[in-house]
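In each ligand, atom 1 is the first atom listed, and ligand 1 is the first ligand listed. Computed over heavy atoms, backbone and side chain alike; hydrogens, waters and symmetry mates excluded. These numbers were taken from a predicted model, which means no experiment stands behind them. Along the sequence shown, the residues carry numbers beginning at 1.
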Amino acid sequence: MIDDFSFLINQLGEDRTQYFGAVSPPIIASSNFHYRTVAEMAKAVSDEENIPLYTRGNNPTTDILNKKLAALEGTEAAMAVASGSAAVGMAVMSVVKAGDHVVCIQNPYSWTMRLFSEYLHRFGISVTYVSGEDATSYLEATKSNTTLFYLESPNSLTFELQDVANIASAAKEKGITTVIDNSYASPLGMQPAKMGIDLVVHAATKYLAGHSDCVAGAIMGSKAAISKIFYGELMTLGAVISPFNSWLMLRSLRTLEIRINRVSETTQKVVDFLAQHRGIAKIHYPHHHSHPHYELAKKDLKIPMGLFSIELATEDPEKITKFCESLRHFLMAVSWGGYESLIWPALAYYEIRKGGLPVNLIRVSIGLESADDLIHDLDQALMNIS
Ligand SMILES: *Cc1c(COP(=O)(O)O)cnc(C)c1O
């Protein structure tokens, strides 16, 4: 599915003759780069995107990473940035202007929703949220000033999918730009640019980095679109990734495929166990047949991923609390996609989100541990509240 993954993880973007034959590329921890001649410096100034001048723009360590990120999504270009939210914000802001209207998927990542509903609202940009399971919902919400369709297929709490390819082609017909948050599927699960999406963004903090040790983001798209973001949002707003985090990302990408495959296998075993357990009322997982978008998931997502939600068969806050606190292996934390298995109880967010999610919903992120250990842990915690 990814063209020549072996080449991508080892050779692509790396020129070891430039750094003493070192197998692992150096962290070029330098803010600026010097030149001997005015002509050389003038050249760098005129092509800051491609020539190291100042690390808010091009940095050689980050540049290696960018080449690999583009290859992962099958796009012409890519840009690693400071965080997933920076990636979402910059990609969106490169498309919209005051007075525009956006059609966005219902229940996107919480800070993406904040971006549209509150932040961009201040600049006169309006938004309509739609279900997105077919292109019609996007088209019906489209107005004469709509410039952006925003997707996240699936979202990361209840996992509703969108018909990505059809929405992309409907947008193209109308000259509307499409942006998708592909953090959940990762490029191994779906490559939206190949389905016609213009800009793909990632919370690289999650699967791409995968070790819960760095916050990072990525934007992938055409050379022209990435160049526009470079000279527009990146250089002016400065949400740049540090060379050290780029290096962590490079290290992470080498194991991306084996990590995802491992997580995928384990998750299916854990989901099968939970789905038949009477302590579980409902499971939200695109690859479980009970999911409303199961067919769409089979069509669009090449591999089952490691993030899903359960609803316990009780709404009693004390029992929900006891379940969460009885787990010995799963850590209770935000975020997902790391080596460690996590739970995220909606109960902890009940005051702040004012409901919205069922009180008994718990999101689960599966890490690299053994399926047996994880199942055993869930089993004993469920037993504790039965
Ligand atoms: C975490 C997350 C983000 C934001 O990424 P950060 O690196 O935390 O800024 C965006 N989208 C999704 C789906 C996420 O899970």
Side-chain angles (χ1 to χ4, degrees), residues 62 65 69 73 78-93 104-120 129 132 150-162 164 178-190 192 197 199-220 233-234 237-242 244-246 248-249 252-253 260 263 284-286 297 300-301 305-309 333-338 340-344 346 349 353 357 361-367:
T62 303
L65 173 62
L69 290 171
E73 285 288 7
M79 180 191 288
V81 295
S83 69
S85 290
V88 172
M90 288 198 275
V92 166
M93 272 142 71
C104 177
I105 183 63
Q106 260 166 20
N107 307 315
Y109 178 66
S110 55
W111 292 98
T112 301
M113 190 134 176
R114 191 78 73 93
L115 173 74
F116 287 125
S117 293
E118 294 176 31
Y119 196 87
L120 292 177
Y129 295 103
Y150 188 90
L151 298 83
E152 195 180 306
S153 187
N155 68 18
S156 61
L157 276 171
T158 43
F159 314 102
E160 291 90 16
L161 278 89
Q162 296 102 66
V164 176
T178 45
V179 175
I180 192 168
D181 182 332
N182 196 32
S183 307
Y184 180 92
S186 92
L188 294 167
M190 180 166 67
I197 294 288
L199 284 168
V200 180
V201 296
H202 278 276
T205 311
K206 314 294 167 51
Y207 283 133
L208 297 183
H211 293 68
S212 302
D213 54 9
C214 90
V215 170
I219 312 172
M220 293 84 156
E233 288 68 30
L234 185 73
L237 302 176
V240 62
I241 189 170
S242 71
F244 179 67
N245 277 356
S246 291
L248 284 175
M249 287 285 307
S252 296
L253 292 185
I260 299 278
V263 162
H284 300 266
Y285 186 49
D300 279 0
L301 306 180
M305 306 305 289
L307 192 67
F308 60 91
S309 294
V334 297
S335 197
W336 53 273
E340 78 291 11
S341 291
L342 301 174
I343 56 153
W344 176 99
Y349 276 72
R353 291 177 77 109
L357 287 171
L361 183 135
I362 297 171
R363 186 178 71 185
V364 181
S365 176
I366 298 296

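- With hydrogens left out, the protein atom closest to atom 6 (P) of ligand 1 is Gly84 N, 3.3 Å, a heavy atom.
- Against a heavy-atom cut-off of under 4.0 Å, Ser83 is close to the following atoms of ligand 1: 7 (O), 9 (O).
- Close approach of ligand 1 to Glu152 (heavy-atom distance below 4.0 Å) involves ligand atoms 13 (C).
- Look at His202 and you'll find every heavy atom at least 4.0 Å from all atoms of ligand 1.
- At under 3.5 Å, a nitrogen or oxygen of Trp336, whether backbone or side chain, sits near a nitrogen or oxygen of ligand 1.
- Contacts between Ala216 and ligand 1, counted as non-hydrogen atom pairs separated by less than 4.0 Å, involve the backbone only.
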Could you go through the ring-ring contact (aromatic ring centres under 6.0 Å, His included) check for Phe116 and Tyr129 one step at a time? CA-CA 10 Å; Phe116 287 125; Tyr129 295 103; 7.0 Å; no
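- Of all protein heavy atoms, the one closest to atom 1 (C) of ligand 1 is Lys206 NZ, 1.5 Å.
- A distance-only check finds no donor-acceptor pair linking the side chain of Tyr184 to the backbone of Phe159 [under 3.5 Å].
- A side-chain donor-acceptor contact under 3.5 Å links Thr205 to the backbone of Ala216.
- The nearest pair of heavy atoms linking Val334 to Tyr349 is CG1-OH, 3.1 Å.
- Across all their heavy atoms, Trp336 and Ser156 have their closest contact at NE1-CB, 4.3 Å.
- Residue, atom and distance of the protein heavy atom nearest to atom 8 (O) of ligand 1 are Tyr109 OH, 4.1 Å.
- Annotation for ligand 1: atoms under 4.0 Å from non-hydrogen atoms of Asp181 are 10 (C), 11 (N), 12 (C), 13 (C).
- Put simply, NE2 on His284 and CG on Leu357 are 8.5 Å apart, with the number rounded to the nearest 0.5 Å.
- Within the listing of ligand 1, atoms 6 (P), 7 (O) sit less than 4.0 angstrom from a heavy atom of Thr205.
- A side-chain donor-acceptor contact under 3.5 Å links Tyr285 to the backbone of Met305.
- Between Asn107 and Glu152, every side-chain heavy-atom pair lies at or beyond the 4.5 Å cut-off.
- Every atom of ligand 1 is numbered from 1 in the order shown, and the set under 4.0 Å from a heavy atom of Ser85 is 4 (C), 5 (O), 6 (P), 9 (O).
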